Amino acid sequence: MRPLLLPILLLSACAGVPGRDVPTDPHSYANPAQVRVRHLVLDLDVSFERRVLSGTAELRVERLDPRAQQLVLDTRDLNVFAVEAAAGPGAWTQAPFSLGPADAVLGSALYVGLPPGADRVRIRYATRPQASGLQWLDPAQTAGRQKPFLFSQSEAIHARSWIPLQDTPQVRLTYEARIRTPDGLRAVMAAEHGPVHGREFSFAMRQPIPSYLVALAVGELSFRRIGPRTGVYAEPVAVAAAAHEFEDAEKMLAICESRFGPYRWGRYDLLILPPSFPYGGMENPRLTFATPLVVVGDKSLVALVAHELAHSWSGNLVTNATWRDFWLNEGTTTYLTYRIMDAVYGQSRGDMERVNAWNDLQEALGLAERPGDRALAVDASGRNPDDVLTTIQYVRGERFLTFLEQKFGRDAFDAFLHSWFDEHAFQSHTTEDFLAFLDARLLRVHPGLVTHEQVEQWVYSSEMPSTAPVPHAEAFDEVDRQRARWLAGTGAAQIPAAQWGVHEWRRFLDLLPEQVPAARLGELDRQFHLTDTRNSLIARSWLKLAIRHRYRAADAAVERYLVGVGRVRLIKPLYRELLRVPGGRARAEAIFARARSGYHPIAQAAIERLLKEGAGGAD
Ligand code: BES
Ligand code: ZN
């Protein structure tokens, strides 16, 4: 393979696209300002024996700079066997290529020499078993325990570990895919499902999406309809419960459409994954990927569906230009989430969620690694985005939008968001693009309500603005009274918690003081069986307390939870709590040694970092 000399060309990658100033992305080697990938054709075989995807990725590119002689792609841990190029319908010819040095965060650049006129590049490659964006599961890690399972997680910068592409949210592409699976397994992608030929599944994504939304899963999957355009994919034993839990998805879609514009993706389905999925949910277009832990039976955790579905507007339609602008995706989505919860389940449900999130925000602000991480726009360059993106961008972003809503009024603010989505549909935007639009459409139109200084403080300051609206939930006044009574010595039997759900329990438990005798926890446990709760969020709050106050009766439950659950937001706080108590580090390390091989690479990295670097990191 002939090495190409590229650093000089790379420097010029910083130039903007004519007519629009595109910021560079510090998390990508790609050169979209010169040559931009527009369409992807994936053709892959799935091997569970080797834990490898192998085949070809064809990239259709547009040369924005007619002099460009090179296409730069992102990869991580890929084996690249051959690269070919072609012009229009012409024949494929070998193209020179080289892989740059591997960076721990960014992976390796793939430099491809483009012959004159070439507008197609085909890469023959294979993934490696340790691909950071894939998890290969043994049958024992699934609900059915019979068949293996594979799923991808591309956000933030893991798409490059299973597809060579321009892995930056500034580049949008359409794609088609053919995926061949072993017998008895079904492939699904976050795309339109095409015909199945034998073991070959085909897909098409016709709307241009950023690379972090390309998604694939393979397993023993069945489908159940929810409504005319909604449904659930899950393992056969799990599909009925999931369809019931998420039966309000259709209503949620309708609410979003009525306020913020049409749903532009055709279908909205959910895919229930095994419990090692490192997130609660991932907003892959047309097919949200979700943890099975939200299927509780009482719809208590369906804010997750509202959230991922809201990303169909904030994130998937209008996308953060770089990971610094992540709050535009998640803050806006969190705002929409609670609006949906208000509308479907009543204002008091939305308010409870807001108040608990506000408490999570206070905790996250205290845990931020750097003061700048407390702002909305975060400096993620030189860092792994997975280490920088926290609850702060979600909840502080949500509070910022709520602040604006309260200042300008709900109707004006909804109209503003509606036009933000409409006028920027299928584009990627920066924080500053949003602020300019806010200025033009709200601040100038309604002068005197919000100052530029206030906006800048919200977005750039590491201090929370003094103007932040503090949410209040009336239902929690009673919970707070009960907590105070119990702390003053009344028995647990006196707490009228029969109607309490996850929100009330989180409120009760999360606000207990630093010191509570273990015996009193035992009393609560005997009354309400908290150690045995099947609600993963109640369990997180409870087990955290159990660790802190050395309530030994929950030891086995702590271990079971940390081994059985892979969602980072659920397990990391428990590991963090273990690190805080005497003797806890050894216990944390012993549990991690047992749990590690069942965790997704993203969760492995998060917990490894926590154990190595102490209690840093807010998520
Ligand atoms: N897009 C995120 C998940 C994500 C964030 C993946 C950062 C990679 C990097 C998703 O929409 C999300 O926010 N999930 C939450 C759901 C919750 C807020 C309801 C989660 O998984 O906790
Ligand atoms: Zn989200």
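All values reported here derive from a predicted model rather than from experimental measurement. No hydrogens, no waters, no symmetry mates; every other heavy atom, side chains included, goes into these values. We count ligands from 1, going down the list as the structure has it; atoms in each ligand are counted the same way.
- Applying the 4.0 Å criterion to heavy atoms of Glu283 picks out, from ligand 1, the atoms 1 (N), 2 (C), 10 (C), 11 (O).
- Of all protein heavy atoms, the one lying nearest to atom 7 (C) of ligand 1 is Phe326 CZ, 3.6 Å.
- Annotation: Asp386 places no N or O atom under 3.5 Å from an N or O atom of ligand 1; distance criterion only.
- Taking a cutoff of 4.0 Å between a charged side-chain nitrogen and a carboxylate oxygen, Arg506 and Asp360 qualify as a salt bridge.
- Atom 17 (C) of ligand 1 has Arg567 NH2, 4.1 Å as its closest protein atom, hydrogens excluded (heavy atom only).
- For atom 10 (C) of ligand 1, the choice among Gly281, Ser314, Ala303 with the nearest heavy atom turns out to be Gly281.
- Under the 6.0 Å cut-off for aromatic ring centres, His27 and Tyr212 do not qualify, their centroids lying 6.0 Å or more apart.
- Take the N/O/S atoms of Glu330: the one nearest the Zn ion (ligand 2) is OE1.
- Between the Zn ion (ligand 2) and the N, O or S atoms of His307, the shortest distance is to NE2.
- Of all atoms in ligand 1, numbered sequentially from 1 with element shown, those under 4.0 Å from a heavy atom of Gln153 are 6 (C), 8 (C).
- In terms of modelled atom types and a separation under 3.5 Å, the side chain of Thr533 and the main chain of Asn535 share a donor-acceptor contact.
- Of the protein's non-hydrogen atoms, Tyr279 OH, 3.7 Å is the one closest to atom 9 (C) of ligand 1.
- Here the protein heavy atom with the shortest distance to atom 21 (O) of ligand 1 is Gly280 N, 2.5 Å.
- Scanning Arg569, Glu330, His311, Glu155 for the heavy atom closest to atom 6 (C) of ligand 1 points to Glu155.
- Here the rule is side chain to side chain contact (heavy atoms under 4.5 Å, CB included) with Glu283, and of Leu309, Asn316, Thr333 only Asn316 fits it.
- Using a cutoff of 4.0 Å between basic side-chain nitrogens and carboxylate oxygens, Asp510 and Arg540 are not scored as salt-bridged.
- Of the protein's non-hydrogen atoms, the one nearest atom 19 (C) of ligand 1 is Leu304 CA, 3.8 Å.
- Within the cation-pi definition used here (under 6.0 Å to the ring centroid, within 45° of the axis), Arg267 does not qualify as a partner of Phe223.
- For the atom pair CZ (Arg229) and OH (Tyr263), the distance works out to 8.0 Å, reported to the nearest 0.5 Å.
- Of the protein's non-hydrogen atoms, the one nearest atom 11 (O) of ligand 1 is Glu308 OE1, 2.7 Å.
- Scanning the protein for heavy atoms near atom 5 (C) of ligand 1, the closest one is Tyr394 OH, 3.6 Å.
- Using a 4.0 Å cut-off between a side-chain N of Lys or Arg and a carboxylate O of Asp or Glu, Arg339 and Asp342 do not qualify as a salt bridge.
- Taking the six-membered ring for Trp, Phe289 and Phe151 have ring centres at least 6.0 Å apart.
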